[in-house]
Structure formats: C-alpha cells, structure tokens
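Single-structure report; data block below.
Only heavy atoms go into these numbers, but all of them, side chains included; no hydrogens, no water, no symmetry mates. Protein chains get the first letters and strands the later ones, always in sequence-line order, with residue 1 at the start of each.
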There are 2 protein chains.
Amino acid sequence: MPEPKQTKASPTMADTDIAIVRIAPETSFKNKAYEALKEAILKMDIYATPEPVMLDERALSERLGVSRTPIREAIAMLEQDGFVKTVPRRGIVVVRRTKAEIVDMIRAWAALESMAARLITTTARKKDISSLRDFFKDFSDDRLPQDNIEEYSRANIAFHQALISLSESPVLVDLTNDLLLHVRGYRQLTIGRKDRTATSLPEHLGIIEALEARDTELAEKRARDHTLGLAAYVEAHGQELFT
Amino acid sequence: MPEPKQTKASPTMADTDIAIVRIAPETSFKNKAYEALKEAILKMDIYATPEPVMLDERALSERLGVSRTPIREAIAMLEQDGFVKTVPRRGIVVVRRTKAEIVDMIRAWAALESMAARLITTTARKKDISSLRDFFKDFSDDRLPQDNIEEYSRANIAFHQALISLSESPVLVDLTNDLLLHVRGYRQLTIGRKDRTATSLPEHLGIIEALEARDTELAEKRARDHTLGLAAYVEAHGQELFT
DNA sequence: TCGTGGCATTTGGTATGCCAAAAACGTAAT
DNA sequence: ATTACGTTTTTGGCATACCAAATGCCACGA
C-alpha cells in the first residue's frame with residue numbers, strides 16, 4: 001500500500017480549512033435540568049431549616065417549562081451524585097449530611113489531595129507550582145485573611161482546586177470536586193472560620209514550598225495534615241451547624 | 001408547651017419492640033434495570049473487541065420486559081457512574097478506559113487506601129486487623145499464589161475491600177468500590193498477573209503488621225506503595241490490554 | 001461507474017396519560 | 001372530643017406515542 005498521504009480523499013472538497021466548528025450540540029433538557037437543579041440545590045442553605053427540603057417533580061417541570069420525563073432523569077442523576085434521595089410515593093428529599101459524614105468526606109479529600117501533592121513533585125513545572133501563590137497575593141500583614149473571610153474562603157477553595165489540577169490527574173480532580181461540592185454546603189461557615197483562617201495561609205505556603213523543593217514526602221505530609229486539620233476542626237467545632 | 005414526653009402518642013399501640021422490619025420496598029424497575037445493566041456491563045469483557053460496544057434502549061426494554069422509561073433512567077445513572085456515555089441520536093456506548101485512565105484510577109485508589117490504613121491504626125480493633133490474614137490462609141509455600149492466580153486474585157480484592165471497610169469510613173469504602181469496579185474491567189489480567197503475584201502477598205502481610213503495630217506512618221506508606229506499585233506495573237506492562 | 005438526492009429506518013429526546021400507594025382530609029359513630 | 005373508617009388528593013413509577021436528527025439504502029442520472 002503506497003500510503004496516499006494523510007490528505008482527505010474527495011478532490012471535490014477544498015482542503016482549505018474554512019474554520020468549521022462542530023455545530024452546537026444544543027444540550028438536552030435532561031442535562032439542562034440536571035445543571036439547573038444541581039445549582040439550585042448547592043445554592044440553597046440546606047442546613048438552615050430543620051425540616052427536610054422536598055422537591056416536587058410536577059412543580060419543577062412547570063417551573064422549568066419541560067415535561068416530567070427529563071426532570072425525572074435529572075433527578076436520577078442527582079441521586080447518583082448523592083444530592084437527593086427519592087422515596088417512593090413520598091417525595092424527593094434533598095440530602096442533608098451529618099457532621100460525621102462531612103468529616104469523613106474531608107478526610108477522603110485529604111487523601112486525594114496528598115496524592116495530588118505527591119504527583120506534583122514529580123511532574124509539575126516549577127512555574128506552575130509557584131503561581132499557586134497568586135491566589136493569596138491580595139492578603140498580607142496589612143490585609144489579613146481573618147478580616148476578609150469571605151474573600152479568603154474563595155481564594156482558599158480556588159487554591160485547593162488549582163493544586164489538585166496541577167497533578168494532571170482527571171480522576172483526582174473529579175473526585176475532589178465532587179467532594180467539595182458536598183462539603184461546601186456550609187456556606188463558608190466551616191472553611192472560612194476565623195480561628196482557622198489564621199493558620200491556614202502559612203500552611204498553604206508551606207505546601208507550596210515543599211512542592212517547589214520537590215520533596216515528595218514532605219509535600220504529601222503537609223497537604224494531608226493541612227486538610228486533616230480542617231477535618232479535626234469541623235469534628236470539634238462543627239456541632240452548631242447540625243441542629 | 002408541657003412537652004408530653006418523647007413516647008409515641010397512641011396508647012393503643014404497644015411499645016414493645018416486636019422486630020418489625022420495614023416491609024420490602026419492592027425495588028423499582030428503574031433500580032432493577034440499573035443493577036442488571038451494571039452487572040452486565042461489568043461481566044462483559046469490554047476490551048476484548050476493538051469496535052465500540054453499543055446498547056439499544058428499545059432492545060433492552062424488550063429483554064428486561066419493561067418500558068423504555070425506567071431503562072432510560074437507569075442509563076442516566078450509569079452515565080453518572082461513568083460506565084456508559086449516550087450520544088444524542090447515535091446511541092449508548094459502553095465506555096472504554098485508556099491505560100492512562102486506569103493508572104490514574106489506581107493512584108486514586110492508593111490515596112484512599114493509604115488514608116484508610118492511617119485511620120485503622122487509630123480506631124480498629126486488633127482482632128479485626130489480624131483477621132485480615134484469613135484471606136490468605138489458603139496460600140502457603142506448598143500452595144503458591146502464582147499457581148492459583150484466579151483464586152488469589154479474588155482473595156486479593158476481598159482483602160483490599162475488607163481493609164478499607166476497617167476504616168469505618170463510608171466515603172472511603174464507596175469511593176474505592178466505585179474505582180475498583182472500573183479497574184476490574186480487566187478480568188484479573190492485571191491484578192492477578194503472575195509476576196506481580198509473587199511480591200503481592202508479602203506486601204499485604206507487611207501492611208497488616210504495620211496496622212497491628214499501630215504504626216500510622218508506616219501503615220500508610222506500605223498501603224500506598226503497594227497499590228502505587230500496581231499502578232506502575234500497569235503503566236509499564238499494560239500495553240497489550242489496550243489494543 | 002460514481003455521485004447525488006431523497007425516502008425509509010433507526011435512535012435518543014420529550015410529552016402525556018394512567019396507575020397504585022400513601023398521605024391528607026373529612027365525616028360519622030362512640 | 002376522639003377514634004375509626006372511607007374518600008379525595010398527592011406523588012412517584014411506568015407505559016406509550018410522537019418528534020427530529022442521523023444514517024443507510026436505493027434508484028436515478030451524468
């Protein structure tokens with residue numbers, strides 16, 4: 001076989017790449033509903049009210065202007081994610097996590113993040129590691145994290161996600177993102193808590209330094225201990241959050 | 001309000017707890033279909049054929065004797081799990097993982113398992129730890145794992161799952177089970193590979209010893225390194241498995 | 001022979017309607 | 001007033017019908 005080059009077959013079609021972009025796949029109602037409901041669930045403060053939050057298929061289908069079918073499929077997906085639980089002939093309830101579950105999730109998060117740190121020391125570029133500091137460049141002795149908790153909390157989350165991303169491990173990224181979605185149900189109340197914020201920034205910098213030094217074991221340990229610290233904190237001080 | 005005690009209201013119903021179990025919820029077709037399809041997907045050797053494996057909603061609904069609706073909901077769930085991917089107007093394709101993805105998953109597994117080991121050293125009972133040895137009691141110098149790969153492979157999986165369970169962390173258990181389902185798509189070809197089997201058993205025993213000694217750091221390290229070893233092995237020798 | 005156009009088929013997406021279980025409501029008997 | 005019981009309503013589960021996009025097949029014509 002003479003291998004007729006990699007060019008396309010038909011000579012009738014000009015090979016001049018007129019920028020044709022794969023036409024918009026027009027995501028389905030099912031996926032739209034999934035995204036909409038997921039966002040709505042994450043946005044609401046599930047732990048504010050003592051009584052369980054219920055969803056109604058028919059009401060949702062009206063509000064979103066679609067039939068029940070795509071709604072039900074979206075609900076099925078959310079149930080897989082662990083955000084809701086449908087009880088036959090009863091209703092769909094938004095799942096509330098117990099303190100123990102949240103602590104458990106944070107521990108798993110710690111495990112994944114420490115592995116990410118480990119991988120980063122062997123593969124990431126110095127430049128990318130150093131740029132992790134940028135998340136905290138708006139904070140200093142003149143502008144303490146404790147005094148801007150809301151903002152610091154966002155930077156905190158962004159830092160952790162960027163850190164994991166540096167591992168270039170899709171699995172670690174996806175798993176931690178899922179965990180974070182659940183943990184974040186606590187609108188900053190935990191992660192951005194004032195007394196922890198003070199120690200948080202130095203620990204982050206310590207992690208970055210270990211990564212830059214390519215000290216695999218140290219980076220892993222610092223990443224792990226930092227997040228386990230959060231777990232211990234929630235376990236010790238998170239009572240009031242769970243009615 | 002005088003708070004009329006926590007007892008149940010109706011005096012007509014005896015409070016004597018006669019073990020009534022919540023009547024069989026008669027799991028829905030949706031869940032039955034989900035389980036059936038999941039098992040079918042796991043049972044088939046996805047990597048045997050080069051061409052993609054497709055599923056057909058209507059065919060499935062006929063074979064399972066239900067309508068398309070519960071089938072579609074089951075498919076939606078499986079898609080969340082990452083087992084299938086539905087392409088609009090094209091079909092439902094059973095997802096095939098690349099070698100890199102499998103390696104990635106094993107690394108995540110290693111992360112979770114090492115955290116489990118860590119937790120076990122602080123909470124599990126000695127007795128439960130020691131019983132982990134039972135999984136390998138059928139193997140000895142007279143009956144080497146290498147000569148009973150199929151059987152050893154099952155013991156291997158069971159050991160790892162039991163290990164994680166000892167952590168008493170539902171999140172770790174669930175996450176690793178999910179990962180294992182994906183990784184196991186390789187019918188023993190990887191985990192039970194002969195050349196690795198020889199070193200596997202001693203490593204397992206080493207993990208158990210560290211757990212018994214309550215040596216948190218060592219147990220964590222051994223658990224991690226053992227599974228990372230598998231990842232490295234697959235990365236190095238897993239070429240032939242991915243067409 | 002090869003390319004073109006169009007029709008039939010296949011396939012997932014969505015809307016609708018009905019069903020049964022369970023809860024909510026109401027009413028009558030004690 | 002309270003309990004018991006029957007009726008209505010609510011709610012998720014499931015089946016079915018139809019739609020539109022993508023594909024494949026096939027006849028027609030250069």
Roughly, in whole Å, what's the span from [atom1] in [X] to [atom2] in [N]?
{"X": "A:F29", "N": "C:dG12", "atom1": "CZ", "atom2": "P", "result": "19 Å"}
{"X": "A:E62", "N": "C:dT16", "atom1": "CD", "atom2": "P", "result": "12 Å"}
{"X": "A:R90", "N": "D:dG12", "atom1": "CZ", "atom2": "C1'", "result": "12 Å"}
{"X": "A:I71", "N": "C:dT14", "atom1": "CD1", "atom2": "C1'", "result": "11 Å"}
{"X": "A:D56", "N": "C:dA22", "atom1": "CG", "atom2": "P", "result": "18 Å"}
{"X": "B:E57", "N": "D:dA15", "atom1": "CD", "atom2": "P", "result": "14 Å"}
{"X": "B:I92", "N": "C:dT11", "atom1": "CD1", "atom2": "P", "result": "10 Å"}
{"X": "B:M54", "N": "D:dT23", "atom1": "CE", "atom2": "P", "result": "11 Å"}

Under 3.5 Å between N/O atoms: give me all the protein pairs with nucleotides 6-8 of chain D, atom names plus distance.
none

Checklist entry - On DNA chain C, nearest-nucleotide positions of B:V87 versus A:P70: which is more 5'? => result B:V87
Next on the checklist: Using modelled atom types and a 3.5 Å cut-off, is there a donor and acceptor pairing between side-chain atoms of B:T227 and backbone atoms of B:R224?
Outcome noted: no
Next on the checklist: Under a 3.5 Å distance rule, please check whether A:E101 uses its side chain to pair with a backbone N or O of A:T98 as donor and acceptor.
Outcome noted: yes
Checklist entry - Under 4.0 angstrom, heavy atoms only, what part of the nucleic acid is A:L55 near: base, sugar-phosphate, or nothing? => result sugar-phosphate
Checklist entry - Across the strands shown, which category fits A:T86 at heavy-atom distances under 4.0 angstrom: base, sugar-phosphate, nothing? => result sugar-phosphate
Determine whether [X] and [Y] make a side-chain contact, defined as any pair of heavy atoms from C-beta on separated by less than 4.5 Å.
{"X": "A:L175", "Y": "B:L175", "answer": "yes"}
{"X": "B:L119", "Y": "B:E168", "answer": "no"}
{"X": "B:I92", "Y": "B:D56", "answer": "no"}

Polar atoms only, N or O, under 3.5 Å: list the protein pairs with nucleotides 16-19 of chain D and their distances.
from   : atom 1 : to    : atom 2 : distance (Å)
D:dT16 : O4     : B:T69 : OG1    : 3.3

Checklist entry - When you check the gap from the basic side-chain N to the acidic O, do B:R107 and B:E235 get nearer than 4.0 Å? => result yes
Checklist entry - Angle class for the A:F159/A:F135 ring planes (parallel below 30°, perpendicular above 60°, tilted otherwise)? => result perpendicular
Checklist entry - What heavy-atom pair brings B:V95 and B:V84 nearest, and what distance separates the two atoms? => result CG2-C, 3.6 Å
Checklist entry - Closest approach of A:I102 and A:H182, non-hydrogen atoms and distance? => result CD1-O, 4.2 Å
